[in-house]
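Values in this document were obtained by computation on a predicted structure and should not be read as measured data. Residues: numbered from 1 along the sequence shown.
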Amino acid sequence: MNLPDLDSETLDRIIEMAWEDRTPFEAIEQQFGLQEKQVIALMRLQMKASSFRMWRERVSGRKTKHIKQREFVSGCFHSQNQKGS
C-alpha cells in the first residue's frame with residue numbers, strides 16, 4: 001500500500017479523525033488525500049494489533065464513517081482547519 005510521507009502532526013491528526021466515530025473517511029480524503037484503504041493501512045501501522053482490531057470492529061459498518069450512509073447531512077460540525085468548510 002502506497003502511503004505518503006507524513007509529518008508527525010499530520011499523522012496524529014489523521015489518526016485522531018479516523019478514531020472519531022462521526023468523522024467520515026471522505027473528510028479525511030478531502031483534507032489529506034488518503035482513501036479509506038490507505039487510512040486503514042495507516043492505522044494498522046501506527047496502532048498496537050489489539051487496538052487496531054478494536055478500532056476496526058467499531059468502525060466496520062458504522063454509518064457515520066461514510067457520508068453516503070449517514071442519516072443526517074446538515075448541522076455537522078466542521079473545524080475551521082478543515083478544508084472545504
(message) On a heavy-atom basis, which atom in Met43 and which in Phe52 lie closest, and how many Å separate them?
(response)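 Distance-wise, the nearest heavy atoms are C-CD1, 3.8 Å.
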What is the distance from atom [atom1] of [X] to atom [atom2] of [Y], rounded to the nearest 0.5 Å?
X: Ile15; Y: Thr10; atom1: CD1; atom2: OG1; value: 11.0 Å
X: Leu6; Y: Ile14; atom1: CG; atom2: CD1; value: 4.5 Å
X: Gln38; Y: Phe25; atom1: CD; atom2: CZ; value: 12.0 Å
X: Arg13; Y: Gln31; atom1: CZ; atom2: CD; value: 6.5 Å
X: Lys37; Y: Leu3; atom1: NZ; atom2: CG; value: 13.0 Å

(message) I need the full list of side chain to side chain donor-acceptor pair (under 3.5 Å) pairs touching residues 44-57, with sequence neighbours left out, sorted by first then second residue.
(response) none
(request) Walk me through it: do Val59 and Ile40 pass the test side chain to side chain contact (heavy atoms under 4.5 Å, CB included)? (result) CA-CA 10 Å; Val59 300; Ile40 292 168; over 6 Å; no
(request) May I ask you to check whether over 12 heavy atoms, not counting those of Glu16, lie within 6.0 Å of atom CD? (result) yes
